[in-house]
Peer 1: 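The structure follows.
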Amino acid sequence: MGKNKLKKFRELATMDFVFQYPHFRLQEEGGFPHRGKWREDVFRRPGRIVLELGCGKGEYTVGLAQRFPDDNFIGIDIKGARIWTGASQARDAGMENVAFLRTGIEMLPEFFAPGEVDEIWITFPDPQMKKATKRLTGTRFLELYRRVLRPGGMIRLKTDSPFLYTYTGIMARHNALPIATETADLYADAPGAETDILSIRTYYEQQWLARGLSIKYISFSIPPESTLTEPEVDIPYDTYRSFSRGTVLPQNNETE
């Protein structure tokens, strides 16, 4: 491990708004002490709780927190070195409505009580084309989100992946999930009321845009009582994903 990473980990340990809870620590401490009490214990203020899953460098977490100072935002990622970037920005700016949680997404119910979360953002995840159980918009994860979301809470996906965008739309319609917004080319057809929040651009998003790829967006909610099942459908794979992340091949009508 490089010295730079060690330095970042040491800095994270000094930030009281960054929580690092591997599974063994949850077991040792009998669970997460702030579960169900994020507003009271962590933020010490009212306001909606919004999660960014797989937050990476935390661009959306920090960007949304700047735009909506009355709400509370939590970036979640398993990689501490990634979290450090957004956490440092929030610390240096003196932001009080930002927190970060280092854990796996499958652990969400261990950290949030039923109905505690108002909204979930999923920004540029791995599309997991070969394994539906690993897709962050697959029914396995939707069941987890439903356990912590308030009734009617929104899930928002931004992706460069035609595969994941197509799959998510099919999955939502297959399960009769109410779709609020859906666009295959966000910046050519930006939803008016959401233009500002959708204009925040992550590190990977800037890379894809620079290579001529369109950005896709879909938002939907999950009825509390519905049964979720996986659709049986064949979707063409993203050809450029078959290569390294630095290699992009033309796909559909998109060019480098």
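Just so you know, these numbers use all the heavy atoms, side chains as well, and skip hydrogens, waters and symmetry mates. Residue numbers run from 1 in the order of the sequence given. In this text the structure is predicted, and so the values were computed from the model without any measurement.
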Peer 1: What closest approach, in Å, do Ile78 and Thr103 show between heavy atoms, and which atom pair accounts for it?
Peer 2: CD1-C, 3.4 Å
Peer 1: Given the ring of Phe141, does Arg146 sit roughly above its face, with NZ or CZ under 6.0 Å from the centre of the six-membered ring and within 45° of the axis?
Peer 2: no
Peer 1: If you look at every heavy atom in Ile179 and Arg173, which pair is closest and at what distance?
Peer 2: CD1-NH1, 3.7 Å
Peer 1: Any side-chain heavy atom of Tyr167 sitting closer than 4.5 Å to one from Thr159?
Peer 2: no
Peer 1: Can you tell me how far apart CD (Gln128) and OG1 (Thr137) are? Round to the nearest 0.5 Å.
Peer 2: 10.5 Å
Peer 1: Looking at Glu59 and Arg201, does any basic side-chain N land under 4.0 Å from a carboxylate oxygen?
Peer 2: no
Peer 1: Are Met154 and Leu149 linked, directly or through intermediate hydrophobic residues, by side-chain heavy-atom contacts shorter than 4.5 Å (ILVMFWY only)?
Peer 2: no
Peer 1: Search all heavy atoms of Phe9 against all heavy atoms of Ala81 and return the closest pair with its distance.
Peer 2: CE2-N, 3.5 Å
Peer 1: Given Arg45 and Asn72, is the side-chain hydrogen bond (donor to acceptor under 3.5 Å, both in side chains) satisfied, shown in steps?
Peer 2: CA-CA 9 Å; Arg45 63 207 295 278; Asn72 305 303; 2.6 Å; yes
Peer 1: Less than 3.5 Å apart, which donor and acceptor atoms pair up between the side chains of residues 23-33 and the rest of the protein, not counting sequence neighbours?
Peer 2:
{"unit_1": "His23", "atom_1": "NE2", "unit_2": "Gln27", "atom_2": "NE2", "d": "3.4"}
{"unit_1": "Arg25", "atom_1": "NE", "unit_2": "Glu29", "atom_2": "OE2", "d": "2.8"}
{"unit_1": "Arg25", "atom_1": "NH1", "unit_2": "Gln20", "atom_2": "O", "d": "2.9"}
{"unit_1": "Arg25", "atom_1": "NH2", "unit_2": "Tyr21", "atom_2": "OH", "d": "3.3"}
{"unit_1": "Glu29", "atom_1": "OE1", "unit_2": "Tyr21", "atom_2": "OH", "d": "3.2"}

Peer 1: Is it possible for you to check whether Arg91 lies under 6.0 Å from the centre of the six-membered ring of Phe17, through NZ or CZ, and within 45° of that ring's axis?
Peer 2: no
Peer 1: Looking only at heavy atoms, what is the nearest atom pair of Ile200 and Tyr60, with distance?
Peer 2: O-CE1, 3.0 Å
Peer 1: Are the aromatic rings of His34 and Phe19 close, with centres under 6.0 Å apart?
Peer 2: yes
Peer 1: State plainly whether the residues Asp71 and Arg48 are in salt-bridge range, i.e. N to O under 4.0 Å.
Peer 2: yes
